[in-house]
Amino acid sequence: MLDPTALYLSDPALLGDGRLRGLPMIVALSGYVEAGHLAGQIEAVVMDSMPSETLAQFDLDQLYDYRSRRPHVKFVEDHFEEWDAPELTLRVVTDGLGRHFLLLTGPEPDTQWERFTRAVVGLAQRLDVSLVALVSGIPMPVPHTRPMLVTAHGPRADLLPSTGGNKPTFEISASVSHLLELKLQGAGIDHVGLSVHVPQYLAESYLPQAAVAALEHLSAVTGRTLPTDELREASRGVIQQINEQANGSPEIQSVVENMERRYDDVVDASAHRSILAGPDHNDLPDADELGAAAEAFLASQDEQDN
């Protein structure tokens, strides 16, 4: 394998700064599954409201498939400008109380996953990171009318909230974050994964409420103060718009009501089983129901935009 450290350019002075050792690290990568545009919102709100310095800049020419995820460029009158170059960056950020933390954001690598994850683990070891918190949004059959659920996962039970009940086993398509969790575990680095349950029929929409839920949980596990006020304000308008469009569609209303009943049964009864299934484990909305609801919702958005 090629040298993992050759994947990034770093700031030797910052990497050698003893004040930056022992910090928590937040990882929020945008990938093929990024329900609610969660990672992008987290990066934007943190970078807009908190001072930061770049510790390491990854070479995306080695990691990014430009043809499958084409960046944007603006054409102005007779020329092109504002090339929106993707960046995968590890930064040191300072919260409102003057406490530092590390933030790794950018697009999920398309290639060299093994080498990339080894590079991140190497940086975490060099900086003696105290905890790595990885966050992602996953599409789930949950209603937008209820509080966002967040599933925490990791090898150390004492770092996770108690859930009780059955612990399911299943197989899913992997992401770089999943592989990174395995590499962190192998290196003995404490970490917590946070998966925000995003309504499946809104997975392609920007949902500030999903980012709020993520930031609240990240604050809790890292002990850092993360900004949510702007996102909370934005979420009020988004929820109002969704409700208006949902109320005009009987198909969406029916699916949402079914999800509400299932959500309330699971959450209110504290029956720690999968939010995916009801009491008899066979009353999930099927693919046709979810598809019809999603199509109706997206169609209503297009009509409103026009």
Side-chain angles (χ1 to χ4, degrees), residues 3-31 34 38-60 62-64 85-109 115-136 154 159 176-177 179-181 183-184 187-194 211-212 214-231:
D3 180 5
T5 63
L7 271 180
Y8 60 84
L9 294 175
S10 60
D11 185 326
L14 285 177
L15 284 178
D17 190 337
R19 296 171 299 173
L20 303 185
R21 297 182 66 84
L23 301 178
M25 177 191 293
I26 294 173
V27 178
L29 302 178
S30 58
E34 191 204 354
L38 187 65
Q41 291 189 82
I42 291 174
E43 179 179 19
V45 73
V46 170
M47 291 297 95
D48 288 347
S49 60
M50 294 182 164
S52 67
E53 294 181 82
T54 297
L55 275 173
Q57 184 83 44
F58 284 85
D59 181 6
L60 277 186
Q62 300 186 59
L63 301 172
Y64 190 87
E87 295 183 356
L88 181 53
T89 307
L90 177 65
R91 300 179 177 91
V92 56
V93 185
T94 306
D95 74 3
L97 298 178
R99 298 170 300 187
H100 302 307
F101 64 95
L102 305 176
L103 179 67
L104 176 61
T105 57
E108 176 189 55
R115 188 179 177 209
F116 170 75
T117 53
R118 292 190 185 195
V120 175
V121 169
L123 285 166
Q125 291 172 323
R126 182 172 178 179
L127 293 163
D128 193 23
V129 166
S130 59
L131 175 77
V132 179
L134 307 97
V135 64
S136 61
L159 295 177
V176 161
S177 292
L179 179 58
L180 181 54
E181 287 193 50
K183 296 296 185 183
L184 292 167
I189 299 173
D190 289 339
H191 61 280
V192 174
L194 300 170
V212 169
L215 288 166
E216 287 178 342
H217 281 75
L218 288 170
S219 293
V221 299
T222 63
R224 299 300 186 264
T225 303
L226 301 176
T228 59
D229 291 346
E230 179 181 336
L231 290 169

Leu134 versus Ser177, closest heavy-atom pair with distance: CD2-O, 3.8 Å
Donor-acceptor pair, side chain of Arg224 and main chain of Pro24, under 3.5 angstrom: no
If every non-hydrogen atom of Pro227 is compared with every non-hydrogen atom of Ser49, which pair is closest and at what distance? CG-OG, 3.3 Å
Would you say Glu53 has more than 12 foreign heavy atoms packed within less than 6.0 Å of its CD? no
Single hit among Leu7, Leu29, Thr105 for side-chain contact (heavy atoms from CB on, under 4.5 Å) with Leu88: Leu29
Side-chain heavy-atom pair Val120, Phe58 within 4.5 angstrom cut-off: yes
Approximate separation, where rounding is to 0.5 Å, of Gln125 CD and Arg118 CZ: 11.5 Å
Within the structure provided, determine whether Leu123 and Leu102 are in side-chain contact (heavy-atom separation under 4.5 Å). no
Non-hydrogen side-chain atoms of Val176 and Thr117 separated by less than 4.5 Å: yes
Under 4.5 Å between any side-chain heavy atoms of Lys183 and Leu179, yes or no? yes
Check whether more than 12 heavy atoms from other residues, nucleotides or ligands sit under 6.0 Å from atom CD of Glu230, and answer yes or no. no
Between the side chain of Arg19 and the main-chain N/O of Leu14, is any donor-acceptor distance below 3.5 Å? no
Within a strict 4.5 Å, meaning less than it, do heavy atoms of the Met47 and Leu103 side chains meet? yes
Heavy-atom donor-acceptor pair, Asp95 side chain to Thr225 backbone, under 3.5 Å: yes
Tell me the closest heavy-atom pair linking Gln62 and Ala6, and the distance in Å. NE2-O, 3.7 Å
Quick one: does Arg91's side chain get under 4.5 Å of Glu43's, heavy atoms only? yes
